Amino acid sequence: MRSVALPAFLAAALVSSATASDKPIFKPTEIKAPFIEQFTEGWENRWTPSEATKKTPVGGETFSYVGKWSVEEPTISVIEGDFGLVAKSVASHHAISAPFDDSVDISDKPLVVQYEVKYQKGGNCGGGYLKLLEDGFQTSGKEFSDKTPWVVMFGPDLTCPGTKLHFIFRHKSPKTGEYEEKHLTLPPRPLIEKTTNLYTLVIHPNNTYDVSFNGESHNRGNLLEDFTPSVNPPAEIDDPEDKKPEDWVDTKRISDPDAKKPEDWDEDAPYELLDEDAEKPEGWLDNEPFTIPDPDAEKPEEWDDEEDGDWVAPTVPNPKCDEAPGCGEWKRPYKPNPLYKGKWFAPMIDNPSYKGEWAPRKIPNPDYFEDLTPVKSLNKIGGVGIELWTMTEDILFNNLYIGHSVDDAKAFAAETFDIKHLLEKAADKAAVSEDEDLDEPSFAENPVEFLRHKAFTFIALARTDPITAFKTYPETGVALAGALLTFFGMLGALFGLVGSQQKTVTKPSKKTDAATPDDKNVKEKAPVAPAGENKAEDTPLKKRK
């Protein structure tokens, strides 16, 4: 038992060896921006949890934003005193917001949005995105909800399954005055794990954008080209008043009306016929059953005919049938019918009346406009909110930067995320290996130390990420699981031997139905083969003049 317990003890000691004094100490940034949040003292004066309700799209049922918020250190902390905002509740609606001191105008300056998200309990259904609130609605506070107008929505969303990095902006039509959400057509789908991840969005006044994940650019493009629906509507639309004429023929192929079924075509001919030439194999045992009562079976001594009924011996395959061509009643087999043709169909031909696929005529779009500078059309931003539904608890948000300087955002990340990212990676490595400089012992040289090393490595990694442990060291995981099951099995057997007082009697069944021989008269359904061909062809689009 000592050799088994020792690796677990060493693994526990390794994981707990990093004390608070070994960690770097959090220090608030001195970088300035329209909005920076590190959830330092007084955060509750800056952020207001929502107490609003929201209605479902259908019906009058309402949901309240009952998800709890807390500012606390991560469950696995690598920086002393580094607190973040945590969505605490599972299967709940969460909403919280904070106003800016001054509104942010991005018409002539870049908009830079950057923040950290950590899914501490791993991936499940849960959002991690921010909403930049339209100026004038940042003070919604307790009334902040999914209906509160926003300008830009950005951040990760675990979509059960899958991951999507949202980038959406609300654009106002200069023609109708209505707002429409524009979604990034091909959003990034980065892998999200339990470690901290950094999300960065940059929107430039020239309509270009850049979406980054952990400091690496994933999507770059133009707001006029990469969003659905597009910023500018089509100049022409289908005429809603135009209807397809009643005599319009859009059937391209038809059955040949002149084709006739051949006189010798018998649709009623069966698919199979009895093989009249077949003969019963020599040695066929007509009177032998497929199964017989087991001659070696004996009625148990504890069997009570009055209580249990008449005892019937279980059946076994008839050994005589194994040596003979077959047993039981012989039946004549079937053979394919050479005259079978199936149902007749007329061959397909081109429709001489075909006019093509009908499409309504185009008319000028009454709502058409051309906005070549959509960034300048976006409203000012007055605050930031987090409004989401999640099936994942303990989602942590931290180090929010909302401003105009790409360089300042990078410098801010260097002070926060870059350090944290390196420490978390180092912690993962420390959990996997006791010492990276030590070579793994070979089984031939030292089998005991080899097994100890494998077990130590797996247990250390499993303490922080069991799934990764099993993926990385599947053989070790299976072996340890097997050993654990064997151990509990031995305990169960031991207590079973000690505590058992009598033998359990298993009663055979009272009756056994004899096996049914294979039915050799089953008819196979025939495939229907049309006489004519029916090839799919592309259909050209014809517009009505």
Side-chain angles (χ1 to χ4, degrees), residues 23-24 26-39 74 76-79 82-85 106 109-120 122-123 126-130 132 152-158 162-169 184 186-204 206 208-223 226 384 386 395-430 464-465 468:
K23 300 178 185 178
F26 168 78
K27 180 181 178 181
T29 186
E30 295 182 0
I31 295 174
K32 303 298 180 183
F35 185 81
I36 287 184
E37 181 60 82
Q38 295 184 285
F39 299 99
I76 300 178
S77 175
V78 294
I79 299 177
D82 183 26
F83 290 82
L85 178 67
I106 61 173
K109 296 180 182 179
L111 170 66
V112 183
V113 182
Q114 180 175 277
Y115 70 111
E116 300 170 359
V117 180
K118 185 174 185 179
Y119 287 87
Q120 301 184 90
Y129 39 84
L130 301 181
L132 303 187
V152 173
M153 190 173 101
F154 172 67
D157 191 9
L158 302 184
T163 302
K164 179 188 295 185
L165 190 50
H166 285 296
F167 173 22
I168 311 170
F169 65 93
L184 185 60
L186 297 174
R189 299 182 181 273
L191 178 64
I192 295 178
E193 299 175 335
K194 292 182 179 180
T195 54
T196 302
N197 291 302
L198 183 72
Y199 303 92
T200 308
L201 167 67
V202 181
I203 303 177
H204 296 283
N206 64 356
T208 60
Y209 68 90
D210 188 356
V211 175
S212 298
F213 173 72
N214 289 349
E216 295 184 4
S217 177
H218 276 238
N219 281 60
R220 289 181 179 177
N222 194 294
L223 269 61
D226 302 338
V384 60
I386 304 172
I395 303 176
L396 185 144
F397 300 80
N398 202 2
N399 294 320
L400 279 67
Y401 174 96
I402 300 173
H404 303 293
S405 173
V406 175
D407 291 338
D408 284 352
K410 289 181 178 179
F412 187 49
E415 295 179 2
T416 55
F417 171 75
D418 291 351
I419 297 174
K420 190 180 304 182
H421 189 57
L422 291 174
L423 291 174
E424 288 181 345
K425 289 179 64 176
D428 285 345
K429 289 184 178 180
T464 57
D465 196 335
T468 302

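Please read all numbers here as calculations on a predicted model, not as lab measurements.
Remark: aromatic rings of Tyr199 and Phe213 are close, center separation under 6.0 Å. Ring centers of Phe167 and Tyr209: under 6.0 Å apart, within the cut-off.
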Check against salt bridge (Lys or Arg N to Asp or Glu O under 4.0 Å), Lys27 and Glu415: CA-CA 9 Å; Lys27 180 181 178 181; Glu415 295 179 2; over 6 Å; no

From CA spacing to verdict: side chain to side chain contact (heavy atoms under 4.5 Å, CB included), Leu132, Ile402: CA-CA 9 Å; Leu132 303 187; Ile402 300 173; 3.6 Å; yes

Pair Lys420-Asn399, side chain to side chain contact (heavy atoms under 4.5 Å, CB included): steps then yes or no: CA-CA 11 Å; Lys420 190 180 304 182; Asn399 294 320; 3.7 Å; yes

Audit row: Val152, Leu201, side chain to side chain contact (heavy atoms under 4.5 Å, CB included) steps and yes/no: CA-CA 10 Å; Val152 173; Leu201 167 67; 3.9 Å; yes

Val211/Thr200 under side chain to side chain contact (heavy atoms under 4.5 Å, CB included): CA gap, chis, key distance, verdict: CA-CA 6 Å; Val211 175; Thr200 308; over 6 Å; no

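Across every non-hydrogen atom of Tyr115 and Phe397, the tightest pair is CE1-CD2, 4.0 Å. Taking each heavy atom of Gly403 and Pro34 in turn, the nearest pair found is CA-CD, 3.6 Å. Looking at every heavy atom in both residues, Ser77 comes nearest to Ile79 through OG-O, 3.1 Å. When all heavy atoms of Pro24 and Val78 are compared, the pair lying nearest together is CD-O, 3.4 Å. Shown here for Leu130 and Val113, the closest heavy-atom pair between the two residues is CD1-CG1, 4.2 Å. In terms of heavy-atom proximity, Gly155 sits nearest to Leu165 at C-CD1, 3.4 Å.
Side-chain contact between His218 and Ser212 is absent, with no heavy-atom pair separated by less than 4.5 Å. Contact annotation: the side chain of Asp82 approaches that of Asn398 to within less than 4.5 Å [non-hydrogen atoms, C-beta and beyond]. Pro74 places a side-chain heavy atom less than 4.5 Å from the side chain of Lys118. Annotation: side chain of Val202 is in contact with side chain of His204 (closest heavy-atom distance under 4.5 Å). In this structure, the side chains of Thr163 and Leu191 stay at 4.5 Å or more apart for every pair of heavy atoms. Counting heavy atoms from C-beta on, the side chains of Asn197 and Ile192 come closer than 4.5 Å.
From Ile203, atom CD1 reaches atom OG1 of Thr208 across 9.5 Å, with rounding to the nearest 0.5 Å. Note that CD1 of Ile168 is 3.5 Å distant from CE of Met153, once rounded to the nearest 0.5 Å. Annotation: the span from Gln114 atom CD to Leu198 atom CG amounts to 4.5 Å, rounded to 0.5 Å. Residue Gln38 holds its CD atom at 7.0 Å from OG1 of Thr416, rounded to the nearest 0.5 Å. Note that OH of Tyr401 is 9.5 Å distant from CZ of Phe412, once rounded to the nearest 0.5 Å. Remark: Ile395 CD1 to Tyr119 OH distance equals 5.0 Å, nearest 0.5 Å.
Here the side chain of Glu37 pairs no donor or acceptor atom with the backbone of Leu400 at under 3.5 angstrom. Put simply, the side chain of His404 never gets that close to the backbone of Leu111: no donor and acceptor are under 3.5 Å apart.
In this model, no donor atom of one side chain and acceptor atom of the other lie less than 3.5 Å apart for Asn219 and Asp210. Glu424 and Thr196 share a side-chain donor-acceptor pair at under 3.5 Å.
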